[in-house]
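See below for the structure under consideration.
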Amino acid sequence: MNTPVADFVKRYGDMDIARLHMPGHKGKPFLGCEHLDITEVKGADALFEAEGILAESEANATELFGSRRTCYSTEGSSHAIRAMLYLALTNRPAGASSTVVAARNVHRAFVSAAALLDLDVVWLWPEESHSLCGCKISPENLERTLGALSAPPAAVYLTSPDYLGSMADLPALADVCHRHGTLLAVDNAHGAYLRFLRPSQHPVDLGADICCDSAHKTLPVLTGGAYLHIAKTAPQTLADNAKTALALFGSTSPSYLTLESLDLCNRYLAEGYAQKLLGTIAQLEALKSQLNEAGWQVEPGDPLRLTVRAPQGLEGTFLAEQLRREKIECEYADEDFLVLMVTPENTPDELARVQKALGKNQLPPAKPSSLPLAKGRRVCSIRQALFSAHELIPAAESLGRICGIPTVGCPPAVPIAVAGEEITPAALELFERYNVKQVDVLRNVRLF
């Protein structure tokens with residue numbers, strides 16, 4: 001597969017041009033990559049009005065992902081999430097509301113998008129909660145929620161895979177959405193590689209109408225590289241307006257280094273990636289089996305993630321420190337879980353080091369934590385809350401206050417209380433569990 005963006009930059013660098021244009025480094029080496037870092041010079045195309053080499057590169061990505069249209073972002077899935085919601089809102093059919101029905105384990109980018117677009121959000125809650133990261137939604141749960149609404153929502157919004165690797169039953173959930181006349185939008189930030197499994201497990205192949213992938217999370221792409229995908233089965237208007245949506249929320253100075261890495265990734269995916277992926281998954285499955293035999297409790301999840309439940313008497317954060325002492329850095333750890341993300345760029349030796357560092361576990365397995373659901377009463381809209389006066393107060397003193405800007409750590413960037421909601425005793429319990437020390441609340445507004 002050709003790489004028009006990377007090829008153009010190489011030609012440009014070889015021409016010994018006096019760069020009397022941005023960026024200010026002029027191609028001179030400070031970090032060492034500056035000669036590849038350009039702006040929209042003649043021939044380089046413009047991301048949001050792409051009609052040259054960037055359009056050609058995005059067409060390559062569209063072919064690889066089997067979508068109606070795939071567009072690049074250099075600002076991660078956060079950018080694409082805002083664009084997805086804008087598209088759902090502005091292209092909804094006659095009679096549909098401006099409501100979005102969303103599983104509660106949303107990324108904080110969803111909350112900021114809801115404020116900017118003034119969305120009304122109906123939350124989907126799990127029947128039971130074992131982690132802030134997870135929100136398992138059954139088709140029956142979704143059916144009940146949609147059936148109770150007076151009009152179809154603009155979209156149903158899910159996160160799959162979630163931060164622990166749990167994957168939603170997208171075909172069944174998509175069927176429910178489409179029977180109720182609404183779109184299914186999926187935050188697939190952690191699952192770009194799923195398209196290249198056999199068979200594909202990517203959302204656009206499982207019934208989603210629109211989704212985003214953070215290419216940089218599981219593919220060899222620089223940080224910030226992401227995709228916005230419109231499925232072939234989705235309305236044409238979503239594809240037609242995708243660039244408008246991205247331009248509304250994106251910088252007019254997208255990173256050309258990141259665009260080059262997205263362009264080069266097309267060739268990487270086209271030339272034997274599926275076979276590499278299969279080999280890596282086999283190696284990871286072997287490691288999971290070895291850890292199970294050594295007494296560790298490995299959770300089910302997406303094929304490139306290793307999620308270990310901490311045994312009784314230990315916390316996932318302790319296991320993370322144990323790995324760091326052996327020069328291994330994990331993706332995420334909390335009281336209950338240790339999460340490692342693997343790609344074909346990890347070597348068999350690195351996986352073997354994980355097994356050696358964890359060793360044998362002699363402690364009994366932990367029972368799944370049963371966490372409260374922080375269902376706070378909505379006092380005002382997300383937009384009203386985010387655009388009101390705020391103050392930071394100790395989390396332990398926030399009972400009865402109205403959440404302003406959600407206080408979240410990243411990872412996992414999942415809010416406990418959402419802007420405009422009353423902070424409940426359940427929220428306080430979760431603040432303590434996830435080590436949230438301060439909370440942003442509306443100033444001079446309290447319920448009791």
Side-chain angles (χ1 to χ4, degrees), residues 65-67 77 81 84-85 88 100-107 110 121-149 152-214 217-218 229-234 281 285 288 298-307 309 337 339 341 368 370-371 373 412 414:
F65 282 91
S67 62
S77 282
I81 286 168
M84 282 201 300
L85 292 172
V100 171
V101 173
R104 181 65 176 208
N105 63 331
V106 293
H107 189 275
F110 175 95
V121 181
V122 171
W123 295 112
L124 288 165
W125 295 89
E127 294 179 4
E128 56 182 358
S129 176
H130 303 299
S131 169
L132 180 62
C133 301
C135 187
K136 186 174 178 59
I137 302 299
S138 67
E140 294 75 20
N141 183 345
L142 181 59
E143 182 77 52
R144 286 193 299 271
T145 302
L146 295 181
L149 299 177
V156 170
Y157 180 95
L158 303 172
T159 301
S160 179
D162 64 29
Y163 223 102
L164 300 181
S166 179
M167 298 175 68
D169 183 0
L170 292 182
L173 294 166
D175 181 62
V176 174
C177 291
H178 297 152
R179 283 193 285 104
H180 282 268
T182 192
L183 299 175
L184 176 58
V186 177
D187 175 357
N188 182 54
H190 287 250
Y193 76 95
L194 293 171
R195 164 67 183 173
F196 304 94
L197 298 176
R198 297 295 179 263
S200 169
Q201 294 297 305
H202 195 272
V204 296
D205 295 314
L206 299 180
D209 298 284
I210 186 169
C211 82
C212 63
D213 302 346
S214 288
K217 285 183 166 65
T218 58
H229 303 292
I230 313 298
K232 285 182 177 178
T233 53
I281 290 171
E285 286 301 314
K288 291 177 180 179
V298 177
E299 297 290 297
D302 75 89
L304 285 186
R305 196 176 317 241
L306 172 60
T307 301
R309 183 183 293 276
F337 299 101
V339 179
M341 292 174 65
S370 182
L371 303 185
L373 300 177
V414 176

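Note that the numbering runs from 1 along the sequence shown for the chain. Please read all numbers here as calculations on a predicted model, not as lab measurements.
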For residues H178 and G207, report the shortest heavy-atom separation together with the two atoms involved. CE1-O, 3.2 Å
So, taking the atom named OG in S131 and the one named CG in L371, what distance separates them when rounded to the nearest 0.5 Å? 7.0 Å
Residues F110, V100; criterion side chain to side chain contact (heavy atoms under 4.5 Å, CB included); working and verdict: CA-CA 11 Å; F110 175 95; V100 171; 4.1 Å; yes
Using a 4.5 Å cut-off on heavy atoms from C-beta on, say whether the side chain of I81 contacts that of Y157. yes
Given side chain to side chain contact (heavy atoms under 4.5 Å, CB included), test L132 with Y163 step by step and report yes or no. CA-CA 9 Å; L132 180 62; Y163 223 102; over 6 Å; no
Are the side chain of S77 and the backbone N or O of S214 linked by a donor-acceptor pair below 3.5 Å? yes
Identify the two heavy atoms, one from V186 and one from S160, that lie closest to each other, and give their separation to 0.1 Å. CG1-O, 3.8 Å
Is a donor from one side chain sitting under 3.5 angstrom from an acceptor on the other, for D213 and H202? yes
Closest non-hydrogen atom pair between I137 and P126, with its separation: CD1-N, 4.2 Å
Partner set under side chain to side chain donor-acceptor pair (under 3.5 Å) for S200, not counting sequence neighbours: D205
Side-chain contact test, heavy atoms from C-beta onward, threshold under 4.5 Å: evaluate it for P303 versus L197 and give yes or no. yes
Might you point out which heavy atoms bring L146 and V101 nearest each other, and give the distance in Å? CD2-CG2, 4.1 Å
Going from CZ on R305 to CG on D162, what distance comes out if it is rounded to the nearest 0.5 angstrom? 7.0 Å
Which is it for L124 and L142 under the side chain to side chain contact (heavy atoms under 4.5 Å, CB included) test, yes or no, and what are the steps along the way? CA-CA 7 Å; L124 288 165; L142 181 59; 4.0 Å; yes
Does K136 NZ have over 12 foreign heavy atoms under 6.0 Å away? no
Atom pair CG/CG of L206 and D169 - distance to nearest 0.5 Å: 9.0 Å
Side-chain contact test, heavy atoms from C-beta onward, threshold under 4.5 Å: evaluate it for H229 versus C211 and give yes or no. yes
SG of C133 to CG of L164: how many Å apart, nearest 0.5 Å? 4.5 Å
Under the side chain to side chain contact (heavy atoms under 4.5 Å, CB included) rule, collect the residues that match up with E299, sequence neighbours excluded. Q297, T307, R309, F337
Are M167 and L194 close enough, and set up right, to give a side chain to side chain contact (heavy atoms under 4.5 Å, CB included), and what steps lead you there? CA-CA 11 Å; M167 298 175 68; L194 293 171; 3.8 Å; yes
Measure the spacing between CG of D302 and CD1 of I281 and express it to the nearest 0.5 Å. 9.0 Å
Distance-minimising heavy-atom pair for M341 and H190: CE-ND1, 3.7 Å
Taking atom OG of S67 and atom NZ of K232, what is their separation to the nearest 0.5 Å? 8.0 Å
Contact check, side chains of F65 and V204, non-hydrogen atoms, under 4.5 Å: no
Side-chain heavy-atom pair L173, V156 within 4.5 angstrom cut-off: no
Between Y193 (side chain only) and L304 (backbone N and O only), is there a donor and an acceptor less than 3.5 Å apart? yes
So, for C135 and N105, which heavy atoms are closest and what is the spacing to 0.1 Å? CB-OD1, 3.3 Å
Got a donor-acceptor contact below 3.5 angstrom from the N141 side chain to the W125 backbone? yes
